[in-house]
Amino acid sequence: MLGLLALLPATLPAREVSMASPNGKLVVTVSDEGGRPTYALTLDGRQVLLPSALGFTADFGDFTEGLKILTTKAEQRDECYEMRQVKHSHIHYVATLLTIDFENACQQRMSMQFSVGDNDVAFRYLIPRQKNDNPKSAVIRSEQTAFSLPEGTTTFLTPQSKAMVGWERTKPSYEEVYQADAPMQQQSQFGQGYTFPCLFKVQAPPSAPKGATIAPIRKDKNSTATTTDAWVLISETGVSSQYCGSHLSDYKSIEAPIPEQSSPTRSLSGAVGGASYQIAYPMAGENNGIGSATPGIALPGSTPWRTITVGTTLKPIVETTVQYDVVEPLYEPSTDYQSGRYTWSWLIWQDNSINYDDQVQFIDLASKMGYELCLVDNWWDQNIGRDRMAELSRYAQSKGVSLMLWYNSNGYENDAPQTPRQCMNTAAARDREMAWLKSIGVKGIKVDFFGGDKQETMKLYEDILYDANRYGLQCIFHGCTLPRGWERMYPNYVASEAVLASENVFFNEESALRQPFDLCMHPFCRNASASMDWGGIIMNKYLSRDNKSRHTRKTTDIFEMASGITMQTAVQCVAMQPNNLTENELPQFEVDWLRALPTTWDETRFIDGYPGRYVVLARRHGDQWYVAGLSAMKEPLKLTLDLPMFAAGSKLKYYVDDAKTGQPVLTTLKVDKKGKAKVEIQPNGGLIIQK
């Protein structure tokens, strides 16, 4: 099915174009009414995105006004591809692709390309060369691209930080606090808008008061319009060295509104001329002020894809793969990259642990647990030295463990002092360093403290990844931006932090108290869009080396174990400490389960949840299903789960927190004849169900 096209005859200028998803339920409508391009989305006949501005201003022309639609072209996309490190290993992408050609008053042209799946829309600008084959390059000064959501929508967002602030001027580092169920009108904490991905809850349409006029639901033969809430996840993908990273502005009024229209899709409050979020480019001060905040592209060229995932439940939000569906690998892997688990001393033992003897303890721990990797963090070049690092790597390999090493990305981006520095910021330095890493058997690097979202920084990410691939090194990034389709674009890319992660649970009790909320939020937004290196399944009771001092962990053991399933990354940190084994403080069934924890998934299914409150996911590794649940609720949470992946009447392993003692227990759970099971998750607790 090519989708629904509502076009005027080809000989006449089209004013409105509509196209439906393959199942006909998600419809995109694009208009050039009043000379200003807009788009809108309906799901099951219900408006989930109001008419929203499109267009951009380049150094050679204005594509925000005086535009008219010239031609359109629709075609079908039907593609299967394999992925090793995301929610699904085999992905089948079916979508309708619509290309719309526009012309402005100066007869300059650009195109919009929409890829419309059953629950996802991705769109981008295509910019050709103009008359006389010029210009051959362009600077995009600003985008008018907007997202206008219906009145009453609530938000699940994290603010964009100001530039060059915080510890050693390292922000923005995408490590701010999420707020749930906030109103759109609430301004961001720092006045810089919001970080992708951005999650919204569109309230169910109200009943019309007597005498009131509301916009009708536009039904077609496929419509099953309901009055339930809808969910919208907005992000971007396909950002490489060819563009900058973007974020959303604060919710604000749009200048130069489009005149009121009579079309029912354009008569809702909040449409163009009302208020919207808009695409915002990096701040000028990022990267220590070095580099342009506006992107430059070669022509013909394109912008990254902006993505919108919609659903009447959270299932499409959690399970979406649109970030990978519309991008392509940029190079071939140089080796068969392996996934796995790693130990990490720094999270609890901190800088003082970066010495040879302590690292031996964590290598031995990894070996005893059957883990593939051990991460050696900052200052290793000074505290251990390069000669002894080669020796340490040989020792690790003798134990069946490979090392990953930490690096500072600087450069000039900020003042973060940790070394090694200036090993990753230039091609010559990278080549020299990575050749040495390969020679001593290191398998991966963790690079920290990036400077922002300018095109200059996007190029640094890409250069590190490309060069690392030449030496068979996988890459994790910290103190960094959101990855945007990178798992498919860069085959040796693993994950990024880009979240207020586990180190903060160590740093202060406030973050420890917030951890359940955070890990019940991320499957619906941050981790729904890209792999996330949270940085540790924490098994110590206390956040200290002696496991007796400082503040306590606020989550249960089962919560921590289950988070290893709900958090998605192909190389997972299990932040066990040597004392977890030597002091026999963990029940043997926990140790056995942690030994067998997989990190790659063939299938992911959303079972139940609400952002920031609780989450239950099912993931399949081979023929084994794992169901994991987390709760941030203050009272026990009773749920009836639909578990069709298990045979009706089967008895399953059930890891759960005892309701009376709070202690972890391994018991059994029976699935009834309808494939359902009743469970209870304790406050800040978890559950795991498997065969």
Side-chain angles (χ1 to χ4, degrees), residues 86-88 314-315 317-319 339 341 502 515-528 531-532 534 536-539 553 555-570 572-575 589-633 636-646 650 652-658 664-669 671 676-691:
V86 297
K87 307 169 194 176
H88 306 274
L314 285 157
K315 180 179 175 65
I317 304 299
V318 172
E319 298 180 14
S339 302
R341 294 73 48 89
S502 63
Q515 181 190 354
F517 168 85
D518 288 342
L519 291 189
C520 289
M521 174 68 72
H522 298 320
F524 303 101
C525 46
R526 167 64 184 88
N527 213 185
S531 298
M532 180 181 76
W534 163 262
I537 300 166
I538 303 171
M539 300 309 295
R553 194 186 77 217
T555 57
T556 69
D557 284 8
I558 303 298
F559 181 104
E560 292 294 324
M561 292 161 59
S563 73
I565 298 171
T566 61
M567 294 187 296
Q568 191 274 307
T569 177
Q572 182 79 267
C573 177
V574 183
F589 73 82
E590 289 190 13
V591 175
D592 292 342
W593 190 91
L594 289 165
R595 280 197 173 107
L597 172 66
T599 64
T600 57
W601 307 106
D602 295 297
E603 189 176 351
T604 295
R605 295 187 195 176
F606 171 69
I607 303 296
D608 201 355
Y610 190 91
R613 298 181 190 175
Y614 71 101
V615 61
V616 183
L617 299 183
R619 299 195 198 265
R620 178 175 61 84
H621 178 81
D623 61 359
Q624 173 73 287
W625 278 99
Y626 296 77
V627 175
L630 309 176
S631 176
M633 308 293 281
L637 177 65
K638 294 182 179 181
L639 300 170
T640 300
L641 303 180
D642 190 5
L643 303 174
M645 66 286 302
F646 299 118
S650 58
L652 306 169
K653 291 180 181 178
Y654 187 34
Y655 301 80
V656 70
D657 305 298
D658 185 88
V665 294
L666 172 57
T667 182
T668 58
L669 179 73
V671 177
K676 298 181 183 296
K678 292 183 178 181
V679 300
E680 182 173 290
I681 312 179
Q682 300 307 309
N684 293 358
L687 64 79
I688 300 167
I689 304 167
Q690 65 187 79
K691 282 186 178 180

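Hydrogens, waters and symmetry mates are skipped; everything else that's a heavy atom, side chains included, is used.
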[X] (side chain) donor-acceptor with [Y] (main chain) under 3.5 angstrom:
| X | Y | value |
| --- | --- | --- |
| Arg526 | Ser531 | yes |
| Arg620 | His88 | no |
| Arg619 | Val627 | no |
| Asp657 | Gly686 | yes |
| Lys87 | Ala528 | yes |
| Gln572 | Arg341 | no |

Could you tell me the separation between the [atom1] atom of [X] and the [atom2] atom of [Y], rounded to the nearest 0.5 Å?
| X | Y | atom1 | atom2 | value |
| --- | --- | --- | --- | --- |
| Leu519 | Asn527 | CG | CG | 9.5 Å |
| Ile689 | Tyr626 | CD1 | OH | 14.0 Å |
| Thr556 | Met561 | OG1 | CE | 9.5 Å |
| Thr566 | Ile688 | OG1 | CD1 | 9.5 Å |
| Trp601 | Gln568 | CH2 | CD | 9.5 Å |
| Phe589 | Thr667 | CZ | OG1 | 10.0 Å |

Practice item. Only counting residues at least two apart or in another chain, list the ones meeting side-chain contact (heavy atoms from CB on, under 4.5 Å) with Arg605. Key: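 side-chain contact (heavy atoms from CB on, under 4.5 Å) list for Arg605, sorted by chain: Glu319, Glu603, Ala618, Trp625, Pro644, Met645.
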Over all heavy atoms of both residues, which pair between [X] and [Y] is shortest? Give the atoms and the distance, please.
| X | Y | value |
| --- | --- | --- |
| Met532 | Thr569 | O-CB, 3.5 Å |
| Lys678 | Thr640 | CG-OG1, 3.7 Å |
| Gln690 | Phe646 | CA-CZ, 4.2 Å |
| Ala562 | Leu687 | CB-O, 3.6 Å |
| Asp602 | Gly622 | OD2-N, 2.6 Å |
| Cys520 | Arg613 | SG-O, 3.7 Å |

Check your understanding: Do the ring planes of Phe524 and Phe606 sit parallel (below 30°), tilted (30 to 60°) or perpendicular (above 60°)?
Key -> perpendicular
Point to revise | Any residue meeting side chain to side chain donor-acceptor pair (under 3.5 Å) with Tyr614, in chain and number order, not counting sequence neighbours | key: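 Applying side chain to side chain donor-acceptor pair (under 3.5 Å) to Tyr614 gives Asp608.
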Exercise for review: Would you please say whether a donor-acceptor pair under 3.5 Å links the side chains of Asn684 and Thr555?
Suggested key: no
Close side-chain approach of [X] and [Y], heavy atoms under 4.5 Å:
| X | Y | value |
| --- | --- | --- |
| Ser631 | Val615 | no |
| Val665 | Val656 | yes |
| Pro683 | Met633 | no |

